[in-house]
Undergrad: 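One structure, as structure tokens, below. Some questions next.
Hydrogens, waters and symmetry mates are skipped; everything else that's a heavy atom, side chains included, is used.
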Amino acid sequence: KGQLYPKKERQKTKMEGKIVANNYKLVKKLGSGAFGQIWKAEHIKTKEQVAIKFEDVNSKHQQLYYECKIYLWFHSDSTVIGQAIPQVLYYGTEGNFNLMVMDLLGKSLEDLFNDCQRKFSVKTVLMVAHQMIKRIEYIHSRRIIHRDIKPDNFAIGLGKHAHRIFIIDFGLAKKYMSSDGKHIKYKDGKSLTGTARYASINTHIGIEQSRRDDMEGLGYVFMYFLRGKLPWQGLQAKEGDEKYVKIKQKKIMTNLETLCQGFPTEFLTYMQYCRTLEFDNKPDYRYIIDLFSNLFKSLGYEYDYQYDWVLLEANGGKKQ
């Protein structure tokens, strides 16, 4: 994603130390992109640390208010506490920005993957997969599909939640079912929504997304973690449509056996299962969780939250 202020890096120092939403002092810029900026901030009285997302009020595709509403929808449910979905603490507009204050999280899975030299062990992938599937099962139970499954949109918690994988960034999410249980209609001719690298084949060919597409996207993330790279990465193409077409072609041409070769067959079974789902099918989450749980046990692993990045840190930043 392009920088929001490519010629204005002085913006960072201008904003640092600024008080926003009456209570929060900006501490450090965490990232920026097409969506805007995200900052770490601190409550001036309680010293509680939070994350604040900023969006330019003049940006063409404003998503922040919509995303805020989705977070509030999840948190209107009493069972959300166990679901590792961050909470929104404030939403408002100040000057040229819409801003949303929310729980501060740790690094994204993409950042942790980079920390671990872009390879995760089978044990780590199975531990994160279990939680990622549970997160998707929950948001689907609230009649929402994410539509942008990627490692950047999952992050570890902080402090007592450092073992938990949170799901974030609902700017592209949408309802797939009405409150009376009516599923959205099948449509084609849609443009690609989400991240091409992890998009399902049906998304590439323009079919309206549903629960199955989130599930297939997870499968590509699991294989990315295991392999270090997906076969459709690094294709020579101009940005935009040409690149998307090449990724789509390569994805369609790569058979699942080749994609999952060299890893436990349960990953192939998972991918095959996702590809068999019909547009309005409810995925069998219990079947999938059991599939990976049984593999985890058969490999003699212990669910001890000793992820690769935890071991790396314990080992002074050196891979074992």
Undergrad: May I ask you to decide whether E16 forms a salt bridge with K29, counting only side-chain N to carboxylate O separations under 4.0 Å?
TA: no
Undergrad: One thing to verify: whether E42 and K25 come together as a salt bridge, which I'm taking to mean a side-chain N less than 4.0 angstrom from a carboxylate O.
TA: no
Undergrad: Sequence neighbours left out, what passes side-chain contact (heavy atoms from CB on, under 4.5 Å) with H183? Give chain and number order.
TA: Y176, M177, S210, R211, F279, D280
Undergrad: Would you kindly say whether N255 and T258 are connected by a side-chain donor-acceptor distance under 3.5 Å?
TA: yes
Undergrad: Determine whether S200 and N202 satisfy the following criterion, side-chain hydrogen bond (donor to acceptor under 3.5 Å, both in side chains), listing intermediate values before the conclusion.
TA: CA-CA 5 Å; S200 69; N202 284 317; 5.3 Å; no
Undergrad: Indicate the atoms forming the closest heavy-atom contact of F113 with K119, along with that distance.
TA: CE1-N, 3.4 Å
Undergrad: Could you check whether K150 pairs with D148 (Lys NZ or Arg NE/NH1/NH2 to Asp/Glu carboxylate O, under 4.0 Å)?
TA: yes
Undergrad: Where do F222 and Y270 land on the ring-ring contact (aromatic ring centres under 6.0 Å, His included) test, with the steps shown first?
TA: CA-CA 10 Å; F222 304 156; Y270 175 85; 5.6 Å; yes
Undergrad: List in chain and number order the residues that pass ring-ring contact (aromatic ring centres under 6.0 Å, His included) with H75, two or more places apart in sequence or in another chain; answer none if no residue qualifies.
TA: none
Undergrad: Checking S108 against D152: is there a side-chain donor and acceptor pair closer than 3.5 Å?
TA: no
Undergrad: Could you label the plane-to-plane angle of the Y65 and Y91 rings as parallel, tilted or perpendicular, counting under 30° as parallel and over 60° as perpendicular?
TA: tilted
Undergrad: Under a 4.0 Å threshold between the charged nitrogen and the carboxylate oxygen, would K174 count as salt-bridged to E208?
TA: yes
Undergrad: Is it true that D213 and R147 make a salt bridge, defined as a side-chain N closer than 4.0 Å to a carboxylate O?
TA: no
Undergrad: Does atom CG of D241 have more than 12 heavy-atom neighbours, drawn from other residues, nucleotides or ligands, at distances under 6.0 Å?
TA: no
Undergrad: Checking ring-ring contact (aromatic ring centres under 6.0 Å, His included) for the pair Y24/Y90: CA distance, chi angles, key distance, verdict?
TA: CA-CA 11 Å; Y24 298 98; Y90 172 86; 7.4 Å; no
Undergrad: Which pair of non-hydrogen atoms, one from I168 and one from H146, has the smallest distance, and what is that distance?
TA: O-NE2, 3.0 Å
Undergrad: Is it the case that more than 12 heavy atoms not belonging to Y285 sit under 6.0 Å from its OH atom?
TA: yes
